[in-house]
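Written below as structure tokens is the structure these notes are about.
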Amino acid sequence: MRSETGFTTFLDEMKWRGFFEQCSDEDALYDLLSAETVTGYIGFDPTADSLHVGSLLPIMGLVHLQRHGHRPIAIVGGATAMVGDPTGRTELRRMLTLEKIEENLLGIKGQLGHYLRFGDGLQDGLMLNNADWLKDFGYLEFLREFGHHFSVNQMLARDSVKSRMEHGLSFIEFNYMLLQAFDFMVLNRDHGCKLQMGGSDQWGNICSGIDLARRVNRQEVFGLTFPLMMTAAGTKMGKSAGGAVWLAAERTSVHDFYQYWINVDDRDVARFLRLYTLLPPESIEKLESLTGADIREAKRVLAHEVTAMLHGDAAATEAAEAAQALFGGGGGGDAEGIPGSERPLADFDGDGVTLIDTLVDSGLLGSKGEARRMIRQKAVRINGEVIVDEMRSLTADDISDGRIALQVGKKRHHHLIITGAG
RNA sequence: GGGGGGGUUCCCGAGUGGCCAAAGGGAACAGACUGUAAAUCUGUCGGCGAACGCCUUCGGAGGUUCGAAUCCUCCCCCCCCCA
């Protein structure tokens, strides 16, 4: 366990960093945390084989827990994913097949491994699948054992449910709260877990779990929620040009991931440094004092730190160098980290290939119509030169230094790496 | 089960037989400005096509009509009230 967190207690750090939204019993939790190694958990949804930036906040919550000598548990909701979660959603979540969920679990597990230390030690994290204790549990058995512990009146009063009343809420979604409460109770019973954390939208579910653990296990357990993360612009965390920003490099390249953080709103930098990096308070405060264009320095630190934690220092440095090459002016620089794809030299013989087609199949643009529009708007460049001819083709003449640099707008870059040139 | 109101392009939301690929707003993207930020202004915003245009889309399936998002039939889903 590392001790150089710069904070005396977990809760102090969580507060300073901006994770602290609401706590079921702060004083009692504070005492508990200073008295023993506390096991705390957060649930993640295996709805895809990768987590995205939106999950980074809870992940960091577990990271801090572990850094302060406590034990994190990550629950992947294999069972709950089969059911769907009403909280904050307007639509019934798509149900997944068991095989798909299994596959997603593996991917997520690998990603959490970048952040948390798992193992058998006292403070080593655990990753559990709630399907293990839910999937063979019979309906009648559940009703008989636990049904009387839940008050429908109370459930209906939960904000998460109330907000869904207008648009409709199926019974299956309504049950999500019960399952999550059950998870907490089981974790408390079997693993001594006494803390559940989560986004503020999980508050109701967490409270249900606290109640159930008290009634069934006669244990006092706690809940701690994080604020709902929105960008300064009021959009959901983790959306970029290409959609969601994923943690998996196959879905969001290291370059794009790094760019996401470099491009955050000025107003978000300070907050994000606190939430998404492990930098000590002195370093962060120093960066926070920057103003005007100097804020870019803080963004560089933010992007590097966050990228390095996920993809490793080397990859983060490469992404930073690519960014420098593309945006640092003066051109040149290291092209290694710039997204690209390989093309055989033969493609560029004679008339070559059309620019429009290439923009589409390089993934830079979605359709030929869009490619045409972009060219009309003077947004497309080949090797830095603005292209105005929609009919333009790429030929051997465009190859420079073994590659052709394509660019759409100011920020989207793609290099065609020419192979077979000998 | 009965009655009423709904399901429109990424989202919200107009549109009730041709002038609708479908108003308006938001989001998004691009250009200018800038600091790879914000704000602002301008433009774009289903697919194919150089273009005339063609194709796909208005919950689903049929039908009426020269012509349907708009009319009819059946089906699915949601909301409200009653049972």
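Because only heavy atoms are used, hydrogens play no part in the values below, and waters and symmetry mates are left out as well, while side chains stay in. Each chain gets a letter, A, B and so on, in the order the sequences are listed, and its residues count up from 1.
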Nucleotides 50-54 of chain B: which of its N/O atoms have a protein N/O under 3.5 Å away?
unit_1 : atom_1 : unit_2  : atom_2 : d
A50(B) : OP2    : R372(A) : NH2    : 2.8
A51(B) : OP1    : R376(A) : NH2    : 3.1

Of V264(A) and R381(A), the one whose closest RNA chain B nucleotide lies more 5':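 So the residue in question is R381(A).
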Upstream residue (5' side of RNA chain B) when A293(A) and D357(A) are each assigned their closest nucleotide: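 By nearest-heavy-atom nucleotide position, the 5'-most residue is A293(A).
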Taking salt bridge (Lys or Arg N to Asp or Glu O under 4.0 Å) as the definition, give me every residue that meets it alongside [X], ordered by chain and number, with sequence neighbours left out.
| X | result |
| --- | --- |
| R300(A) | E297(A) |
| K162(A) | D159(A) |
| D265(A) | R267(A) |
| R296(A) | none |

One thing to verify: whether [Y] and [X] come together as a salt bridge, which I'm taking to mean a side-chain N less than 4.0 angstrom from a carboxylate O.
| X | Y | answer |
| --- | --- | --- |
| R251(A) | D256(A) | no |
| R381(A) | E385(A) | no |
| D12(A) | K15(A) | no |
| K100(A) | E103(A) | yes |
| R403(A) | E342(A) | no |

Heavy-atom side-chain contact between M177(A) and M155(A) under 4.5 Å: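 Yes - at least one pair of side-chain heavy atoms lies under 4.5 Å apart.
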Determine the interatomic distance between [atom1] on [N] and the same-named atom on [M]; round to the nearest Å.
| N | M | atom1 | result |
| --- | --- | --- | --- |
| A27(B) | A39(B) | P | 9 Å |
| G26(B) | G13(B) | C1' | 10 Å |
| G18(B) | U70(B) | P | 11 Å |
| G59(B) | G53(B) | C1' | 30 Å |
| C33(B) | C41(B) | C1' | 9 Å |
| C58(B) | A68(B) | C1' | 11 Å |
| A28(B) | C75(B) | P | 43 Å |
| G25(B) | C45(B) | P | 14 Å |

Think [X] has a side-chain N or O under 4.0 angstrom from the OP1 or OP2 of [N]?
| X | N | result |
| --- | --- | --- |
| K378(A) | C29(B) | no |
| R412(A) | A30(B) | yes |
| K410(A) | C29(B) | no |

Sugar-phosphate, base or nothing in reach of N263(A), heavy atoms under 4.0 Å: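 Base contact - N263(A) has a heavy atom under 4.0 Å of at least one base atom.
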Touch class at under 4.0 angstrom, heavy-atom based, for V269(A) against every strand present: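 Counting heavy atoms under 4.0 Å across all strands, no contact is made by V269(A).
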Non-neighbouring partners of T395(A) that pass side-chain hydrogen bond (donor to acceptor under 3.5 Å, both in side chains), sequence neighbours left out: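 Result, side-chain hydrogen bond (donor to acceptor under 3.5 Å, both in side chains) vs T395(A): none returned.
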What is the distance, rounded to the nearest whole Å, between atom [atom1] of [X] and atom [atom2] of [N]?
| X | N | atom1 | atom2 | result |
| --- | --- | --- | --- | --- |
| L365(A) | A28(B) | CG | C1' | 14 Å |
| I375(A) | G49(B) | CD1 | C1' | 14 Å |
| L359(A) | C48(B) | CG | C1' | 17 Å |
| Q407(A) | U36(B) | CD | P | 13 Å |
| I262(A) | G35(B) | CD1 | C1' | 11 Å |
| F327(A) | U34(B) | CZ | P | 17 Å |
| L290(A) | G35(B) | CG | P | 17 Å |

hbond_proxy D266(A) side chain to G35(B) base (donor-acceptor, 3.5 Å cutoff):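 Present.
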Enumerate donor-acceptor pairs with a distance under 3.5 Å from any side-chain N or O in residues 50-62 of chain A to protein atoms, sequence neighbours excluded.
unit_1 : atom_1 : unit_2  : atom_2 : d
S50(A) : OG     : Q111(A) : NE2    : 2.9
S50(A) : OG     : A248(A) : N      : 3.1
H52(A) : ND1    : G54(A)  : N      : 3.2

Qualifying ring pair (Phe, Tyr, Trp, His ring centres under 6.0 Å) pairs with a residue from residues 347-406 of chain A, counting only residues at least two apart or across chains: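 Non-adjacent pairs meeting ring pair (Phe, Tyr, Trp, His ring centres under 6.0 Å): zero.
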Contacts under 3.5 Å, N or O only, protein and nucleotides 41-47 of chain B:
unit_1 : atom_1 : unit_2  : atom_2 : d
G43(B) : N2     : Q377(A) : OE1    : 3.0
G47(B) : OP1    : S367(A) : OG     : 2.9
G47(B) : OP2    : R373(A) : NH2    : 2.9

Which atom pairs, one a donor and one an acceptor, fall under 3.5 Å between side chains of residues 361-370 of chain A and the rest of the protein, sequence neighbours left out?
unit_1  : atom_1 : unit_2  : atom_2 : d
D361(A) : OD1    : R343(A) : NH2    : 3.3
S362(A) : OG     : T358(A) : O      : 3.0
S362(A) : OG     : L359(A) : O      : 3.1
S362(A) : OG     : L364(A) : N      : 3.4
S367(A) : OG     : E370(A) : N      : 3.1
K368(A) : NZ     : D357(A) : OD1    : 3.4
E370(A) : OE1    : G366(A) : N      : 2.9

Test side-chain contact (heavy atoms from CB on, under 4.5 Å) applied to E305(A) and Y276(A), step by step: CA-CA 8 Å; E305(A) 287 296 311; Y276(A) 298 112; over 6 Å; no
Nearest listed nucleotide, side chain of K411(A), among A38(B), U36(B), G35(B):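 For K411(A), the side-chain atoms sit closest to U36(B).
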Nucleotide-level pairing of RNA chain B, given in dot-bracket where Watson-Crick and G-U pairs need both distances under 3.5 Å and | marks other strands: (((((((..(((.....[.....))).(((((.......))))).(((....)))...(((((..]....)))))))))))).
Protein-nucleic acid N or O pairs under 3.5 Å, nucleotides 78-83 of chain B:
none

Single hit among I42(A), L195(A), L128(A), L65(A) for side chain to side chain contact (heavy atoms under 4.5 Å, CB included) with I73(A):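 One option only clears the test, and that one is L128(A).
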